[in-house]
2 protein chains.
Amino acid sequence: MDKVFHALADKTRRDIVQRVLVSPQSVSVLAGEYSMSFAAVQKHVAVLERARLVTKQKRGREQLVSADPDTLRHASQLLDRYEQLWRHRVRAIAEILSEDTDNIEDNKEQS
Amino acid sequence: MDKVFHALADKTRRDIVQRVLVSPQSVSVLAGEYSMSFAAVQKHVAVLERARLVTKQKRGREQLVSADPDTLRHASQLLDRYEQLWRHRVRAIAEILSEDTDNIEDNKEQS
DNA sequence: CTAACGTACAACCATGTGGTTGTAGATCAG
DNA sequence: CTGATCTACAACCACATGGTTGTACGTTAG
């Protein structure tokens, strides 16, 4: 999971993910889109590949890069779980504030 | 957004986020949870703070670390948008395969 | 007041990162 | 076959990262 977020922590790599989500592209076509060397784009793709965000498959002498939506979904689900923790906390605080227990005599800083 | 994903690309930092989502903690309490120096934990908190995933507020001589669920939600929404791109692509492919247009005479590699 | 605590920050080091260039292997066009 | 294309990978560099230790400052306890 470290690798997934690290892979997504770069604008170029997120852009590559977005492009190949729409339609698979060869490495050289991708490289043409950015103002950096072919090798640099190749490295970015390698990072995405190690994080299992994309997969490559040979097609003649080209290498087609496709997205792996499963990994993307796993990352999204993790963040969703974090949000649920937050909502759970908010709910717990709300319950404390509504406080329908026995002793409601003291009002200690309820801001 | 680079900073957000970079901040999440570390197990310790994700754990800190999870802890302070449940309930805010002081830096020293957090530091006690991990087998690394206080300064190291402090740096991790600083990374999370720069990514606006957490905020700090003084409370006496302590510094309470709290989560910022908005930033978390933004990241989650970006990944959701990626998933929608994928679903859109799947839908487009499905439409091409159902192909109820005029010319259905040629079957060019539909795998 | 002094001592202990919580924090901040600088300096340092090993390692990883993003970028470059260069070289070499497959594959397609002619 | 030869030459052009697509890819892979190594070497290198500047810089950021994650970790350490040490020092300094504000705050609380006694």
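Quick caveat, the model's predicted, so the values are computed rather than measured. Both backbone and side-chain heavy atoms feed into the values below; hydrogens, waters and symmetry mates do not. Naming: A, B, ... by sequence-line order, numbering from 1 per chain.
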Nearest-Å distance for atom pair [atom1]/[atom2], residues [X] and [N]:
X	N	atom1	atom2	value
B/Arg50	D/dA16	CZ	C1'	10 Å
A/Lys3	C/dT17	NZ	P	10 Å
A/Arg13	C/dT17	CZ	C1'	9 Å
A/Asp2	C/dG16	CG	P	14 Å
A/Leu48	C/dT17	CG	P	13 Å
A/Glu62	C/dA29	CD	P	11 Å
A/Lys56	D/dC6	NZ	P	15 Å
A/Leu64	C/dT27	CG	C1'	15 Å

Among residues 16-45 of chain B, which contact DNA chain D at a heavy-atom distance under 4.0 Å?
-> B/Met36, B/Ser37, B/Ala39, B/Ala40, B/Lys43, B/His44

What side-chain donor-acceptor pairs closer than 3.5 Å can you find for residues 13-21 of chain A, not counting sequence neighbours?
| unit_1 | atom_1 | unit_2 | atom_2 | d |
| --- | --- | --- | --- | --- |
| A/Arg13 | NE | A/Ala7 | O | 2.8 |
| A/Arg13 | NH1 | A/His44 | ND1 | 3.2 |
| A/Arg13 | NH2 | A/His6 | O | 3.2 |
| A/Arg14 | NH1 | A/Leu8 | O | 2.7 |
| A/Arg14 | NH1 | B/Asp2 | OD1 | 3.2 |
| A/Arg14 | NH2 | B/Asp2 | OD1 | 2.7 |
| A/Asp15 | OD2 | A/Arg19 | NE | 2.9 |
| A/Asp15 | OD2 | A/Tyr34 | OH | 2.6 |
| A/Arg19 | NE | A/Tyr34 | OH | 3.2 |

With sequence neighbours excluded, give me every salt bridge (charged side-chain N to carboxylate O under 4.0 Å, His left out) pair touching residues 39-51 of chain A.
-> A/Glu49-A/Lys56

Would you give a per-nucleotide map of nucleotides 23-30 of chain D, 5' to 3', where B means the base has a protein non-hydrogen atom under 4.0 Å away, S means only the sugar-phosphate does, and - means neither?
-> ----BB--

CZ-CG distance between A/Arg73 and B/Asp80, expressed to the nearest 0.5 angstrom = 11.0 Å

Nearest 0.5 Å please: distance from the CG atom of A/Leu72 over to the CD atom of A/Gln77.
-> 10.5 Å

The helix from C/dC1-D/dG30 to C/dG30-D/dC1: angle between terminal helix axes, five bp per end, to the nearest 10 degrees, reads 30°

Can you give the donor-acceptor pairs under 3.5 Å from side chains of residues 60-68 of chain A to other protein atoms, not counting sequence neighbours?
| unit_1 | atom_1 | unit_2 | atom_2 | d |
| --- | --- | --- | --- | --- |
| A/Gln63 | OE1 | A/Lys58 | N | 3.1 |
| A/Asp68 | OD1 | A/Asp70 | N | 3.0 |

State whether the number of non-hydrogen atoms from other residues, nucleotides or ligands found under 6.0 Å of A/Arg89 atom CZ is greater than 12.
-> yes

Path from [X] to [Y] over hydrophobic side-chain contacts below 4.5 Å:
X	Y	result
B/Leu79	B/Leu85	yes
B/Val4	A/Tyr82	yes
B/Leu48	B/Met1	yes

In short, B/Val45 meets B/Leu30 closest at the heavy-atom pair CG2-CD1, 4.4 Å

Considering all heavy atoms, the nearest B/Ala31-B/Val41 contact = CA-CG2, 3.7 Å

